[in-house]
Amino acid sequence: MSTSETRPPALLTTSGLVFLGVLGAAVVLVPALNLLTAPDSALHVPTYVVSLLGKYLTYALLALSVDLIWGYVGILSLGHGAFFALGGYAMGMYLMRQIGPRGVYGDPVLPDFMVFLNWKELPWFWYGFDLFPFAALMVLLAPGILALVFGWFAFRSRVTGVYLSIITQAMTFALLLAFFRNDMGFGGNNGLTDFKDILGFNIQADGTRVVLFVLSAVALGLGYVLCRFLVRSHFGKVLVAIRDAETRVRFTGYRAENYKLVAFVVSAMLAGIAGALYVPQVGIINPSEFSPANSIEIIVWVAVGGRGTLVGAALGAVLVNYAKTYFTSGLLAPYWLFMLGGLFVAVTLFLPKGIVGTFYDWRARRRASDDIPGAEPAAAPKPAE
Amino acid sequence: MLLALAVLSAAALSAAALAGRAEAQDVGGALAQLATNKYDDTEAALSVLALSGDPAAVGIVSALAEGRLVFGGTPPRVFIQGEGGALLDPLTRQPVADAPAVKPVRVNNRVRRAIEAASGALSLVSPDPAKRLEAAQAVGRSRDVAALPALDAVLAKETDPKVKSALALARASIVIGQAGVSEADRIAAIEVVGAQGNQDALALLRSVPADASPAVKDAAAAAIAGIERNLALWGAAQNVWYGLSLGSVLLLAAIGLAITFGVMGVINMAHGEMVMLGAYTTFVVQELIRTHNPGLFDWSLIIAIPLAFLFTGLIGVIIERTVIRFLYGRALETLLATWGISLILQQAIRTLFGPTNREVGAPSWMSGSFEIGQLSITYGRLWIIVFALLVFVALLAVLRLTRIGLEMRAVTQNRRMAASMGIRTNWVDAMTFGLGSGIAGMAGVALSQIDNVSPNLGQSYIIDSFLVVVFGGVGNLWGTLVGAMSLGVANKLLEPYAGAVLGKIALLVIVILFIQKRPRGLFALKGRSIEA
């Protein structure tokens, strides 16, 4: 019999329920307002907005994956954009193969850029991408295997902290350079674009866009539940312990590197899924997704929302990207980088726990003062030692 | 080229002269022939003069060219018409007492060509060794058989060793492709050419005709192999030089980072922007000099170095006091905050100076190049290497010999102990950050010479700089030096095999793997802490 003290925390907390509720509402409302209202109606949501929101949701999933390893394991990956981009490229390759003879050069098999480069046959690594199940598998495997190999090396030799951050950055930088090369067979500088349809549906059609949006929301929701499940399990407790005192965990008899590796690979796969959903909604994937600056930006989404809160990461991603869309398309465009930079500084200085983390603190403090008036605010519950 | 043509035709003439007109073998005979005032005789006389090597011949030929060579009297003699119409003896250049009525020696186009040829050939025997050298090289490049007799003639007389070897080379270059020459002679020629060991020699040896005898071909093949080995060595040396040059750039960019990172544990992502600010300081200094005092332009970099140091150092201190001091102990968060600062600085520069590249000129002492063997060394690169090493040494001296350096080292090794010994760690932190930023600014002055001065300048160095610091080992300047140089050289040595981009990728992978092996870099600080 488990007593109330040893019972694990609920899978879904209040904020988690609110988060899933909002997502659910979006899944119902956005498609309805897009498909069922007249285009001139005040309530109509244009398709481009649907895709934009879908893009935010994929970013939110990406932020979630970063929060899993940064917030709970303390691994600051400055290369998570690489996993996102790899998932995106896997999906992009499938979409390229779907173009078939409808490309500019009309080659039944080769994508346009290969015809342009005067290639005669498909490189071996493009085989199989005409089949959706294979491509879907690669969306998981490509980032997963990279994370497995990279993490296996890095965690085994106990590369931690700043050093790990810098070599993850070197990893994404190396991939950036590699994917820029035409000879790699991934479209070089231009990347993959000009997609026509996905699983037989026209990729530009309103219906397809709405379905992609719904899928992104569902993926985000499932990703959230998965992460919650992981972090509240025994496995998750060990992760947090590694974050706080890796050596002590090691001395207690845990193979810290294995725990970290599993978390890292899961996180990379989530990022890959986010990338795969991102590409059909945006319509292009190119090497700039690998750029180190992108990966650092992901970190700031998580930091703004609140590191180690999951919900906060998703919220931060949506808020920062909404701000980016809003500010880069107006009179304020030249000042966007000032604002983004200022945001980085302000969040680290004044809001180290992010929006959601600060909210949790405030709530905990209020509850504590409600229970015992005049008492010290309760700190976050500490794991038993 | 003109010279080469001239020498050739002179040689051809002389060959004809040697064969046909044996009567005029010396300068005296040539003068007699000139006095006949017949085109054929003039031409023949010119060829004799060309081969004579007599110092007087030069004067005679140039007088003919200028229409000052005259003849008259009975029997006809030639004179040179000096200043004011006085007649001079062509050999002694002394005025003649009984001047007859004279007419200039006639010239037509054919004779004019012969004159050019003769003056060309005479430069082979010119008293000035530099001129002889030039003429010999010109003949060698032309590779015309007709020049052989002339070459043989001068080769026998030549005393200057440099000119002599140039003549021998010229002769060998000609002989090598000749079927008519004896085998031993050709093999000797191949040896002479092979000893040169450069690209030209390689081309010459490859031109040995296919119908040459096996011995000649073997000799040529051996010589080619030797030269290729030699060239490969020089090529490697050149790559190492480029690598050192790149390494010194990396060193400049990374050394400031090594201080802030090593001493303070701060990951300063805005470090690249400090480099960029230093480059823009140079730009502003040069603009001011251009508008106010153009004469000082050659001093612009010297003036910019301290200014850049002070300016970026000041910015660094401001950043440390306003942002970073609140983040000590949270290394990963300093990374975020300084990344934000870097975005702000970039955008600020973009707003002030525009997004395009700004032109920063090179002072005269930084342009040009010189050669050592097959190595070409540009002054710009050389100065940057020197500057990087100077900065390195100066920094070492500051850390070793000054009070603030002592305090910095104390804080690096044990911050709390240092504080309890009365060191104001706050102040040391601010100074350290200022010093690191100031060095980045000085790096910017140097980089403005070899890179585009644009708001993105810093971005391209930040990843490499971090790799250098991490590779070399945090908190050890020697590690940074070795790290920068080895990454620079490795990069340039990989490039010929893998191409620039793949080489860079390979290097990144190598560093990533290296970190697995030595997670604290090449020169790790030794300590007992399990967390290192």
Side-chain angles (χ1 to χ4, degrees), chain A residues 70 74-76 78 150 152-178 180-181 183-184 245-247 250-251 291-293 296-297 299-300 302-303 307 334-350 352, chain B residues 261 265-267 269-270 319 322-324 326-327 330-348 350-351 455 459 462-464 466-467 469-471 474 499-509 511-521 529-532:
Chain A
W70 187 35
I75 302 170
L76 178 60
L78 294 184
F150 190 90
W152 189 76
F153 276 116
F155 300 141
R156 194 189 51 143
S157 38
R158 302 188 192 176
V159 180
T160 50
V162 176
Y163 294 85
L164 189 72
S165 302
I166 287 171
I167 62 169
T168 51
Q169 188 177 42
M171 175 193 78
T172 194
F173 187 55
L175 284 168
L176 169 77
L177 294 175
F180 261 122
R181 300 179 70 238
D183 299 347
M184 281 287 285
E246 182 168 347
T247 315
R250 227 181 266 285
F251 290 161
S291 79
I296 295 177
E297 219 179 299
I299 305 295
V300 99
V302 179
R307 175 188 169 194
Y335 305 102
W336 164 244
L337 278 180
F338 284 126
M339 300 191 51
L340 184 65
L343 193 63
F344 273 69
V345 178
V347 165
T348 42
L349 281 185
F350 305 118
Chain B
F261 194 22
V266 168
I267 309 165
M269 294 299 273
I319 291 174
T322 54
V323 177
I324 291 175
F326 302 108
L327 299 174
R330 295 191 281 162
L332 296 179
E333 293 180 19
T334 59
L335 187 152
L336 291 182
T338 50
W339 177 258
I341 292 169
S342 86
L343 290 183
I344 293 173
L345 289 175
Q346 270 179 51
Q347 191 61 26
R350 209 170 277 132
T351 313
Q459 290 287 296
I462 190 73
I463 291 179
D464 286 342
F466 269 113
L467 282 182
V469 173
V470 167
F471 178 70
V474 169
V501 178
L502 269 188
K504 178 99 192 174
I505 295 171
L507 198 66
L508 287 170
V509 173
V511 172
I512 290 175
L513 290 177
F514 177 84
I515 298 297
Q516 318 298 331
K517 200 75 198 151
R518 307 274 309 251
R520 292 285 172 257
S529 166
I530 181 92
E531 302 282 3

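Chain letters run A, B, ... following the sequence lines, proteins first and then strands; every chain starts at 1.
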Please give me the minimum heavy-atom distance between [X] and [Y], naming the atom from each residue.
X      : Y      : result
A:L177 : B:K504 : CD1-CG, 3.3 Å
A:V345 : B:A337 : CG2-O, 3.5 Å
B:E333 : A:T348 : O-CG2, 3.6 Å
A:A170 : B:L467 : CB-CD2, 3.9 Å
A:R158 : B:P519 : O-CB, 4.3 Å

From [X] atom [atom1] to [Y] atom [atom2], the distance as rounded to the nearest 0.5 Å:
X      : Y      : atom1 : atom2 : value
A:L340 : B:W339 : CG    : CH2   : 9.5 Å
B:I512 : A:F150 : CD1   : CZ    : 5.0 Å
B:L335 : A:I299 : CG    : CD1   : 8.5 Å
B:I267 : A:L76  : CD1   : CG    : 8.0 Å
A:Y335 : B:Q347 : OH    : CD    : 9.0 Å
B:I344 : A:L343 : CD1   : CG    : 10.0 Å

Of the backbone (N, CA, C, O) and the side chain (C-beta and beyond), which part of [X] lies under 4.5 Å from a heavy atom of chain B, both, or neither?
X      : value
A:A303 : side chain
A:A346 : neither
A:W70  : side chain
A:M339 : neither
A:L164 : neither

- Given A:G342, A:A154, A:G341, the one with more heavy-atom pairs under 4.5 angstrom with chain B than any other is A:G341
- Who wins among A:I296, A:L176, A:I167, A:V159 for the most heavy-atom pairs under 4.5 Å with chain B?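 With the most close heavy-atom pairs to chain B, the winner is A:I296.
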Part of [X] lying under 4.5 Å from any heavy atom of chain A:
X      : value
B:T351 : side chain
B:A348 : both
B:R518 : neither
B:L336 : both

- Which pairs pass side chain to side chain donor-acceptor pair (under 3.5 Å) with one or both residues in residues 162-177 of chain A, sequence neighbours excluded?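 Listed once each, the pairs would be none.
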- If you count heavy-atom pairs under 4.5 Å with chain A, which of B:V509, B:V470, B:I341 comes out on top?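 If we count pairs closer than 4.5 Å to chain A, B:V470 comes out on top.
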- Item | Student check: side-chain heavy atoms of B:F261 and A:V162 closer than 4.5 Å | yes
- Report yes if some heavy atom in the side chain of A:F173 is under 4.5 Å from a heavy atom in the side chain of B:L508; otherwise report no.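 Yes - at least one pair of side-chain heavy atoms lies under 4.5 Å apart.
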- Message: If the condition is salt bridge (Lys or Arg N to Asp or Glu O under 4.0 Å), which residues does A:R250 pass it with, not counting sequence neighbours?
- Response: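 Counting only residues at least two positions away or on another chain, A:R250 forms a salt bridge (Lys or Arg N to Asp or Glu O under 4.0 Å) with A:E246, A:E257.
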- Query: In terms of heavy-atom contacts, does CZ of A:F153 have more than 12 from other residues, nucleotides or ligands at under 6.0 Å?
  - Reply: no
